[in-house]
Amino acid sequence: MSLVDTDVLIWNLRGNPAAAELLDGHRGFALSAVTWMELVQGVRDSLELRTLRQALTFWQADIIHVTESISARACYLVEEHTLAQSLQLADAMIAATALELGRPLITANDRHYRFIPQLELQVFRP
């Protein structure tokens, strides 16, 4: 089972058929609570929020909440990669979630993550 990055879900919400096919083929995927919050911040009204919730139910997606171990690993990643690679907080939390779960991260933003050792990336191209 994979962890899906925010950008892939946004591509789907924008109607990208490749993203829809990918997500439909990975039913039971997981997403970080950070991804969920980013998606909710992007909705414009209650109808869009309801549609988002229905999509996650359809995909049987699990939201992985931040634990102490995810937080600690994200802190380490920020210390290691913020100066040289400009690692952002949300990306550090998402990467830490994938690493703690031992799952690959599906993302179109591989440049945000490719410098993180042991993080397995599955690159999506819309």
Side-chain angles (χ1 to χ4, degrees):
M1 196 166 16
S2 300
L3 190 79
V4 176
D5 197 9
T6 311
D7 62 319
V8 177
L9 292 156
I10 290 172
W11 278 109
N12 177 75
L13 294 170
R14 290 180 180 164
N16 182 279
E21 183 178 330
L22 176 98
L23 295 172
D24 289 351
H26 281 81
R27 289 179 72 169
F29 64 81
L31 60 142
S32 167
V34 173
T35 293
W36 172 250
M37 290 184 279
E38 288 179 324
L39 292 170
V40 170
Q41 286 181 327
V43 300
R44 293 174 288 204
D45 56 38
S46 59
L47 176 61
E48 283 189 359
L49 180 58
R50 188 170 38 252
T51 301
L52 178 59
R53 286 183 177 141
Q54 288 171 343
L56 291 183
T57 299
F58 171 77
W59 292 316
Q60 301 168 344
D62 288 324
I63 298 172
I64 308 300
H65 296 280
V66 177
T67 62
E68 186 175 345
S69 61
I70 290 171
S71 175
R73 189 175 289 226
C75 287
Y76 170 79
L77 292 173
V78 167
E79 287 176 19
E80 289 295 308
H81 301 289
T82 294
L83 293 176
Q85 288 92 13
S86 300
L87 180 64
Q88 298 297 303
L89 182 140
D91 292 337
M93 294 296 287
I94 292 166
T97 302
L99 288 166
E100 284 297 306
L101 296 175
R103 296 182 185 179
L105 176 64
I106 302 174
T107 184
N109 290 329
D110 54 306
R111 71 184 183 285
H112 293 188
Y113 302 102
R114 63 178 158 227
F115 49 83
I116 299 173
Q118 287 101 30
L119 180 61
E120 180 184 345
L121 296 177
Q122 293 179 358
V123 179
F124 167 72
R125 294 292 178 236

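Note that the structure is predicted; figures quoted are calculated from it, not measured.
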Enter the distance from Arg73:CZ to Thr97:OG1 here, rounded to the nearest 0.5 Å.
10.0 Å
If I take atom CG from residue Leu49 and atom CD from residue Gln54, how far apart are they, to the nearest 0.5 angstrom?
10.0 Å
Shortest non-hydrogen contact between His26 and Gln122, atoms and distance
NE2-OE1, 4.2 Å
Side-chain cluster (under 4.5 Å, hydrophobic types only) that Leu47 belongs to, other residues:
none
Heavy-atom neighbours of Arg125 CZ exceed 12 at 6.0 Å
yes
How far apart are the closest heavy atoms of Leu119 and Ala98, and which atoms are they?
CD1-CB, 3.7 Å
Straight-line distance of Arg103 CZ to Ser2 OG, nearest 0.5 Å
8.5 Å
Applying ring-ring contact (aromatic ring centres under 6.0 Å, His included), which residue pairs with at least one partner in residues 72-121 are found, sequence neighbours left out?
His81-Phe115
Spell out, yes or no, whether Val34 and Leu89 are grouped together once hydrophobic residues are joined by side-chain heavy atoms under 4.5 Å, including indirect joins.
yes
Taking the side chain as everything from C-beta on, heavy atoms only, tell me whether Leu39 gets closer than 4.5 Å to Thr6.
yes
Less than 4.5 Å apart, any side-chain heavy atom of Leu56 and any of Leu31?
yes
Please give me the minimum heavy-atom distance between Leu87 and Ala92, naming the atom from each residue.
CD2-CB, 3.7 Å
Is the count of non-hydrogen atoms from other residues, nucleotides or ligands lying under 6.0 Å from Glu48 atom CD greater than 12?
yes
Taking the side chain as every heavy atom from C-beta outward, state whether Met93 and Val66 have any atom pair closer than 4.5 Å.
yes
Closest approach of Leu99 to Gln118 (non-hydrogen atoms, all atoms of both residues)
CD2-O, 3.5 Å
Smallest separation among heavy atoms of Ala96 and Leu77, with atom names
N-CD1, 3.9 Å
Supply the atom-to-atom distance Glu38 CD to Ser32 OG, rounded to the nearest 0.5 angstrom.
8.0 Å
Is it the case that one hydrophobic cluster holds both Ile70 and Leu121, taking links as side-chain heavy atoms less than 4.5 Å apart, direct or via other members?
yes
Val8, Leu13: one ILVMFWY side-chain cluster at the under-4.5 Å cut-off?
yes
Can you measure from CD1 (Ile64) to OG1 (Thr35) and round to the nearest 0.5 angstrom?
11.0 Å
Residues 27-69 vs ring-ring contact (aromatic ring centres under 6.0 Å, His included), sequence neighbours excluded, gives Phe29-Trp59
Assess whether side chain to side chain contact (heavy atoms under 4.5 Å, CB included) is satisfied between Asp5 and Ile106, documenting all intermediate values.
CA-CA 6 Å; Asp5 197 9; Ile106 302 174; over 6 Å; no
Let me check something: do Val4 and Leu52 share a hydrophobic cluster, defined by ILVMFWY side-chain heavy atoms less than 4.5 Å apart, either directly or through other members?
yes
What about Leu101 and Leu9, same hydrophobic cluster or not, with Ile/Leu/Val/Met/Phe/Trp/Tyr joined at side-chain heavy-atom distances under 4.5 Å?
no
Roughly how far, to the nearest 0.5 Å, is the CG atom of Asn109 from the CZ atom of Arg111?
5.0 Å
Side-chain donor or acceptor of Asp7 paired with backbone N/O of Thr107 under 3.5 Å:
no
Specify the closest pair of heavy atoms between Ile94 and Leu3, including all atoms of both residues, with the distance to one decimal.
O-CD2, 3.5 Å
